[in-house]
Amino acid sequence: MKAVALIAVSLAALAGAARAQDRPAAQQIAGAVLPLPDSARGGATVLGYQNGRLTQLRAGHNGMICLADDPNQEGFQASCYYRTLEPFMARGRSLRAAGITQRHAIDSVRLAEIKRGKIVMPKVPALLSSVFSQDSTFDPLAPAPKVTTLHVIYMSYATEASTGIPATPMKAGPWLMYAGTPWSHVMLP
């Protein structure tokens, strides 16, 4: 019985180590830009993982920044956003890297820094698009990968009263999430 348990633990550790391996840059870039339309993919800056650290894999020229899938997380996720969101997004990544993982704690730090002017939020709407897959063996280079998509438009301090966009979640139409906050955004189901 102990031998079976030891083998199971060893296999789990090997699977975790394999998942955490850095993927080739070309594969990371292909996956990272999936949220964008074909016409924008070639011009996006891509951040990915080398030696376990997030680093720039490719410089871009169209203002979009894409994050490759984190090999240490289950499933697959890639996100792209407009460059004006980078200070906000980068601060969230640095807080998580420092061990702050609760959403409320991250939001509290970022809100205080926004109020002090340390983080500047976009003055005009800015796009964020993501793709997700529960499959840890997801291959972004495979034809027509099965993913779930999410598109949001950040509109700092937007409210239902200022935009006419409902602040109540809707399945079949846009709605405003975190209304009235610096990171309020329109969810586009």
Side-chain angles (χ1 to χ4, degrees), residues 6-103 105-107 109-110 119 122 126-154 177 183 185 187-189:
L6 183 59
I7 290 170
V9 169
S10 297
L11 288 174
L14 287 173
R19 185 179 63 250
Q21 297 273 332
D22 292 334
R23 295 179 186 105
Q27 184 181 13
Q28 290 187 68
I29 291 168
V33 300
L34 281 177
L36 297 177
D38 289 341
S39 62
R41 291 178 179 175
T45 295
V46 177
L47 305 178
Y49 295 86
Q50 291 182 333
N51 301 318
R53 297 189 57 150
L54 187 65
T55 186
Q56 183 173 297
L57 297 177
R58 182 181 80 189
H61 57 80
N62 66 6
M64 295 305 293
I65 299 171
C66 297
L67 296 175
D69 178 56
D70 182 344
N72 292 308
Q73 299 295 317
E74 290 292 324
F76 175 88
Q77 178 181 348
S79 298
C80 298
Y81 52 85
Y82 195 64
R83 69 176 174 238
T84 55
L85 289 168
E86 176 59 6
F88 179 74
M89 299 298 180
R91 185 60 173 138
R93 289 191 303 269
S94 70
L95 291 168
R96 283 187 289 283
I100 301 172
T101 57
Q102 292 183 339
R103 175 81 189 218
I106 291 169
D107 288 348
V109 170
R110 290 195 291 193
I119 297 174
L127 176 70
L128 177 139
S129 294
S130 296
V131 295
F132 308 87
S133 175
Q134 298 300 319
D135 185 358
S136 288
T137 64
F138 175 82
D139 181 2
L141 299 174
K146 287 190 173 193
V147 293
T148 301
T149 60
L150 172 68
H151 303 286
V152 304
I153 300 173
Y154 277 78
M177 187 170 193
W183 50 84
H185 52 273
M187 300 290 288
L188 302 168

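Numbering starts at 1 and runs along the sequence shown. Only this structure's heavy atoms are used, side chains among them; waters, hydrogens and symmetry mates stay out.
When every heavy atom of L85 is checked against every heavy atom of L127, the shortest pair comes out as CD1-O, 3.9 Å. For A78 against P35, the heavy-atom pair with the smallest separation is O-CG, 3.5 Å.
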Could you go through M177 and V152, starting from their C-alpha distance and side-chain angles, then the distance that decides it, and tell me whether this counts as side chain to side chain contact (heavy atoms under 4.5 Å, CB included)?
CA-CA 9 Å; M177 187 170 193; V152 304; over 6 Å; no
With side chain to side chain contact (heavy atoms under 4.5 Å, CB included) as the criterion, how do L57 and L47 come out once you've worked through the C-alpha distance, each side chain's angles and the decisive distance to 0.1 Å?
CA-CA 5 Å; L57 297 177; L47 305 178; over 6 Å; no
Could you walk me through whether I29 and R23 satisfy the side chain to side chain contact (heavy atoms under 4.5 Å, CB included) test, starting with their C-alpha distance in whole Å, then the side-chain angles of each, then the deciding distance to 0.1 Å, before giving a yes or no?
CA-CA 10 Å; I29 291 168; R23 295 179 186 105; over 6 Å; no
Side chain to side chain contact (heavy atoms under 4.5 Å, CB included) between M187 and L150, worked out:
CA-CA 8 Å; M187 300 290 288; L150 172 68; 3.7 Å; yes
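S94 is linked by a side chain to side chain contact (heavy atoms under 4.5 Å, CB included) to R91, counting only residues two or more places apart in sequence or in another chain. The side-chain hydrogen bond (donor to acceptor under 3.5 Å, both in side chains) check on R103 picks up D107, with sequence neighbours excluded. Shown here are the side chain to side chain contact (heavy atoms under 4.5 Å, CB included) partners of Y49, two or more places apart in sequence or in another chain: D22, Q28, L54, D70, P71. In terms of the side-chain hydrogen bond (donor to acceptor under 3.5 Å, both in side chains) criterion, T45 has no residue partners (sequence neighbours excluded). Every residue was checked against the side-chain hydrogen bond (donor to acceptor under 3.5 Å, both in side chains) condition with S133, not counting sequence neighbours, and none meets it. Considering only residues two or more places apart in sequence or on other chains, P87 meets the side chain to side chain contact (heavy atoms under 4.5 Å, CB included) condition with I119. Applying the side chain to side chain contact (heavy atoms under 4.5 Å, CB included) test to I106 and every residue at least two apart in sequence or in another chain returns L95, R96, I100, R110. With sequence neighbours excluded, the residues satisfying ring-ring contact (aromatic ring centres under 6.0 Å, His included) with F88 are W183. In this structure, N62 has no side-chain hydrogen bond (donor to acceptor under 3.5 Å, both in side chains) partners at least two apart in sequence or on a different chain.
The list of disulfide (SG to SG under 2.5 Å) pairs with a residue in residues 62-98, not counting sequence neighbours, reads C66-C80. Sorted by first and then second residue, the ring pair (Phe, Tyr, Trp, His ring centres under 6.0 Å) pairs with a member in residues 58-87 read F76-F138; sequence neighbours excluded. Applying the salt bridge (Lys or Arg N to Asp or Glu O under 4.0 Å) test to every pair with at least one member in residues 75-87, sequence neighbours left out, gives these pairs: E86-R93.
The shortest side-chain heavy-atom distance between I153 and L188 falls under the 4.5 Å cut-off.
Here the OG atom belonging to S130 is positioned 9.0 Å from the NE2 atom belonging to H151, to the nearest 0.5 angstrom. Atom-to-atom distance recorded for L128:CG and H185:NE2 is 8.0 Å, nearest 0.5 angstrom.
Open room surrounds CD on Q134; 12 or fewer heavy atoms of other groups in view lie less than 6.0 Å from it.
Judged purely by atom type and a 3.5 angstrom limit, R41 uses its side chain to pair as donor or acceptor with the backbone of L34.
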